[in-house]
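Written below as structure tokens is the structure these notes are about.
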There are 2 protein chains.
Amino acid sequence: MKLTSKGRYAVMALVDLARFDTINPVSLRDISLRQGISLDYLEQIFSKLKKNHIVKSTRGTQGGYFLSKKPNEIKLTNILNAVDEKVKTVQCKKDSKKGCNGKATKCITHNLWDELETHINTFFEKKSLQDLLKNNSEWVN
Amino acid sequence: MKLTSKGRYAVMALVDLARFDTINPVSLRDISLRQGISLDYLEQIFSKLKKNHIVKSTRGTQGGYFLSKKPNEIKLTNILNAVDEKVKTVQCKKDSKKGCNGKATKCITHNLWDELETHINTFFEKKSLQDLLKNNSEWVN
DNA sequence: CTAAACTTGACCATTTTAGTCAGGTATGTA
DNA sequence: TACATACCTGACTAAAATGGTCAAGTTTAG
């Protein structure tokens, strides 16, 4: 199971973006300063977000990134998948030697982790960027 | 966030134990053979399980481990906590430099991860060893 | 034409994971 | 009492993941 700061950074950056991209595109430099995330690391993350059609970008002076959809259309699943936080709880295919190969002879706890995975993913599918914006609209930056 | 094979092994081993400790204590060697987990690794795991009063042991020939409570009294939270799988989603105290110190100026996504943590822990608090036994009673070993 | 911005990919230090290894200690049974 | 079978402890480590940095670009608005 993976759920690390890369995913957290991605979500933080996108919330930031959603709040500031209303007029002009937002530069990674600004996000970096506001959120305290390394610029170089942000570039890696946004490269993936762009490939997954979550953000678009404009180059040149005054360029930057903006959301490619409305905040309520961007679910957390989309974001986390984009940056490779798969939320996979088991990989039982490798150890075919004993028990679990995903078919007839599942390991004893296979179903459990499957359930958990569903449980977590449901959570992420319900939450959109919009939801996070609402919770934070009153906050000073 | 941590949720790795150590936790998975712990759960597997305990399900195995729950199925076979009805008459005699179960040796780690047997569990190791049945579940395909390294004996040395099992010893580490059971050391922690014992410290946390989830299992007890008898020494000597024919010795081994057995559950210290009934399967329905052992929740997955207990097991995972015992082997140090904390299921912590954020540690926002370290980076006091920017935003999140857990107090007034929480990072934008702080509430989100708190919610997720609760969501996952709820799942683990509901599930007991007994639940897993039921699901697997029909399986051949 | 050039500075500001995005883009790409290689690289790397540190930490965590998933164990192994070596050496114990305790105890039921013969 | 011997001894095999268990448990117990701590040091060690290869490999992978994490959380970045660094270097060298390309693009385009002004």
Side-chain angles (χ1 to χ4, degrees), chain A residues 1-10 12-13 17 21 24-33 35-52 55-66 68 80 83-91 94-95 97-98, chain B residues 1-13 17 21 24-33 35-52 54-66 68 80 83-91 94-95 97-98:
Chain A
M1 167 122 192
K2 285 175 19 179
L3 225 180
T4 65
S5 63
K6 187 189 286 186
R8 188 158 56 92
Y9 285 167
M12 286 171 68
L17 188 57
D21 80 343
N24 300 315
V26 180
S27 73
L28 291 191
R29 193 166 159 280
D30 287 350
I31 297 179
S32 166
L33 290 174
Q35 302 300 329
I37 305 169
S38 137
L39 177 58
D40 286 312
Y41 203 29
L42 273 181
E43 289 181 347
Q44 276 184 44
I45 292 170
F46 271 77
S47 162
K48 293 184 176 184
L49 292 176
K50 194 179 180 186
K51 274 183 195 145
N52 287 271
V55 297
K56 291 180 179 175
S57 63
T58 320
R59 293 185 142 178
T61 318
Q62 304 302 319
Y65 286 93
F66 49 96
S68 63
L80 296 177
V83 296
D84 296 327
E85 303 255 350
K86 299 275 183 180
V87 187
K88 276 278 172 194
T89 48
V90 263
Q91 313 109 301
K94 291 175 187 170
D95 29 291
K97 48 181 176 178
K98 190 74 183 182
Chain B
M1 168 122 191
K2 284 173 22 178
L3 224 180
T4 65
S5 63
K6 187 190 285 185
R8 188 157 56 93
Y9 285 167
V11 176
M12 286 170 69
L17 188 57
D21 80 343
N24 297 315
V26 180
S27 73
L28 291 191
R29 193 165 159 281
D30 287 349
I31 297 179
S32 166
L33 291 174
Q35 302 300 329
I37 305 170
S38 137
L39 177 60
D40 286 311
Y41 204 27
L42 272 181
E43 287 182 347
Q44 279 184 41
I45 292 170
F46 271 76
S47 164
K48 293 185 175 185
L49 292 176
K50 195 179 179 183
K51 274 182 195 147
N52 285 273
I54 292 170
V55 296
K56 291 181 178 174
S57 63
T58 320
R59 295 187 140 177
T61 317
Q62 304 303 320
Y65 286 93
F66 48 96
S68 62
L80 296 177
V83 295
D84 297 325
E85 303 253 351
K86 298 274 181 179
V87 187
K88 276 278 172 194
T89 48
V90 263
Q91 314 110 302
K94 292 175 187 172
D95 28 290
K97 46 182 177 178
K98 190 73 183 181

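Quick note: numbers below take in every heavy atom, side chains included, and nothing from hydrogens, waters or symmetry partners. Numbered from 1 within each chain, the chains take letters A, B, ... in sequence-line order.
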Can you find a heavy atom in the side chain of Q35(A) that is under 4.5 Å from one in the side chain of Y9(A)? no
Once you measure the plane-to-plane angle for F46(B) and Y65(B), does it fall in the parallel (<30°), tilted (30-60°) or perpendicular (>60°) bin? tilted
For the pair made of CD in Q35(B) and P in dA18(C), what is the distance, rounded to whole Å? 17 Å
How many whole angstroms separate atom CZ of R29(A) from atom P of dC6(C)? 11 Å
note: L42(B), atom CG; dA18(C), atom P; distance rounded to Å ~ 14 Å
Between S57(B) and dC8(D), is there a side-chain N or O to OP1/OP2 distance below 4.0 Å? yes
Spell out, as yes or no, whether a donor-acceptor pair under 3.5 Å connects the side chain of S32(A) to the backbone of I37(A). yes
Rounded interatomic separation in angstrom, taking NZ from K48(B) and C1' from dA18(C): 12 Å
F46(A) CZ - dG19(D) P separation (whole Å): 17 Å
Between S5(B) (side chain) and R8(B) (backbone), is there a donor-acceptor pair under 3.5 Å? no
Using side-chain heavy atoms (C-beta onward) and a distance below 4.5 Å, is K48(B) in contact with Q44(B)? no
Phosphate-side-chain proximity, T4(B) and dA18(C), N/O vs OP1/OP2 below 4.0 Å: yes
Interatomic distance where OH belongs to Y65(A) and P belongs to dA4(C) [whole Å]: 18 Å
Under 4.0 Å protein heavy-atom contact, by nucleotide of nucleotides 20-30 of chain D - B base, S sugar-phosphate only: BBB----SBB-
Looking at K50(A), I'd like to know whether one of its side-chain N or O atoms comes within less than 4.0 Å of OP1 or OP2 on dT7(C). yes
Measure NZ/K56(A) against C1'/dA5(C) and give the value in whole Å, please. 19 Å
List the residues meeting side-chain contact (heavy atoms from CB on, under 4.5 Å) with Q62(A), not counting sequence neighbours, and say none if there are none. none
I45(A) atom CD1 is separated from dG19(D) atom C1', nearest whole Å, by 9 Å
Sequence neighbours left out, what passes side-chain hydrogen bond (donor to acceptor under 3.5 Å, both in side chains) with S57(A)? Give chain and number order. K50(A)
